[in-house]
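Right, one structure below, let's go through it.
All of these numbers come straight from a predicted model, not from anything done at the bench. Counting convention: from 1, in listed order, for ligands and their atoms alike.
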Amino acid sequence: MIIETLSTFPHMFDSVMNASMMRIAQDKGFLDFTAYDLRDWTHDRHRTTDDDPYGGGAGLIMKCEPIFEAYQAITGCHKGYSPKITGNEQPTTGPVPKHADGIPPKTVFCTPCGKRFDDALACELAEANRLLFICGHYEGIDERVYELADYQISLGDYVLTSGELASMVIIDAVVRKIEGVLGAEGGALDESFADGLLEFPQYTRPAQFLGREVPAVLLSGNHAEIARWRQAQSLERTRLLRPDLLEKR
Ligand code: ADE
């Protein structure tokens, strides 16, 4: 899968995308990730990407031109607008786009106004060959930019300062769904939400710790019993902690 991001703070992705499962997914060839710097598609001395809101108000709004120009350079498409923009087709400092093949990627904006992110949406995004996340900052993005959106996604009813952070949460949840990323055991199948329930409790050695014992059934070697116990625990935990999930099933 190809995942690309376009933002004014591309270095924010460095730590998350170079650690743990996100790094392994790239090293094993499951994920081709690139973070582009929106400022590479600006033309003024200050590399301006935002401006005052029309109609007044606090904060700055991200401008259309660099985003449309970057979108065109990264994707080779000029979806929804004409004539074709001519400007910095190639970035001046950051990575050169490798996939400007004229096929529009599924384009994602993270915004509190979007559809609430959940496991089903993570599965849907994981089916795509290529995702492009366009990350807003500050007070918002010029409304005309949303013409590029296939998805507008919210993580919840709160406001984050950076679209990069929201994108990284979604990227992590999506990449672990790609077949093979979590290894041969098919890791993602057993975890919370995969069947609409919270995950059962898990334990590892030692069997006794400060007087607390691991449930005996898990030491029994009886796999049918263990599966039954886990299913019952999942149900009970969901009933106690997230009864809304049971109503949706
Ligand atoms: N950007 C700012 N706040 C956000 C939220 N709650 N979800 C997704 N993206 C955001």
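- Within 6.0 Å of OH on Tyr158 lie more than 12 heavy atoms contributed by other residues, nucleotides or ligands.
- For ligand 1, the atoms closer than 4.0 angstrom to any heavy atom of Ser154 are 6 (N), 7 (N), 8 (C).
- Residue contacts with ligand 1 for Thr111 involve N, CA, C or O but no side-chain atom from C-beta outward (heavy atoms, distance under 4.0 Å).
- Here the protein heavy atom with the shortest distance to atom 6 (N) of ligand 1 is Tyr158 O, 2.7 Å.
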For residues 117-124, please give each side-chain donor-acceptor pair under 3.5 Å, one per line with the distance, not counting sequence neighbours.
| unit_1 | atom_1 | unit_2 | atom_2 | d |
| --- | --- | --- | --- | --- |
| Asp118 | OD1 | Ala120 | N | 3.3 |
| Asp118 | OD1 | Leu121 | N | 2.9 |
| Asp119 | OD1 | Lys177 | NZ | 2.6 |
| Asp119 | OD2 | Lys177 | NZ | 3.4 |
| Glu124 | OE2 | Tyr151 | OH | 2.6 |

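- Using a cut-off of 4.0 Å between Lys/Arg side-chain N and Asp/Glu carboxylate O, Glu199 and Arg237 are scored as not salt-bridged.
- Every heavy atom of Gly163 sits 4.0 Å or more from the atoms of ligand 1.
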- Message: Let's go through Arg130 and Asp32 carefully: what are the C-alpha distance in whole Å and the side-chain angles of both, what is the deciding distance for salt bridge (charged side-chain N to carboxylate O under 4.0 Å, His left out) to 0.1 Å, and is it a yes or a no?
- Response: CA-CA 9 Å; Arg130 181 179 178 194; Asp32 176 346; over 6 Å; no
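- Those atoms of ligand 1 that come under 4.0 Å of a heavy atom in Ile153, given as number and element, are 8 (C).
- Considering only non-hydrogen atoms, atom 8 (C) of ligand 1 lies nearest to Leu155 out of Val159, Leu155, Leu160, Ile170.
- When all heavy atoms of Asp142 and Ile61 are compared, the pair lying nearest together is N-CG2, 3.3 Å.
- With a 4.0 Å heavy-atom cut-off, ligand 1 is reached by the side chain of Ala166 but not by its N, CA, C or O.
- Contact between Asp157 and ligand 1 is absent, with no heavy atom of the residue lying under 4.0 Å from the ligand.
- Looking only at distances, a side-chain donor or acceptor of Thr111 sits under 3.5 Å from a matching main-chain atom of Cys113.
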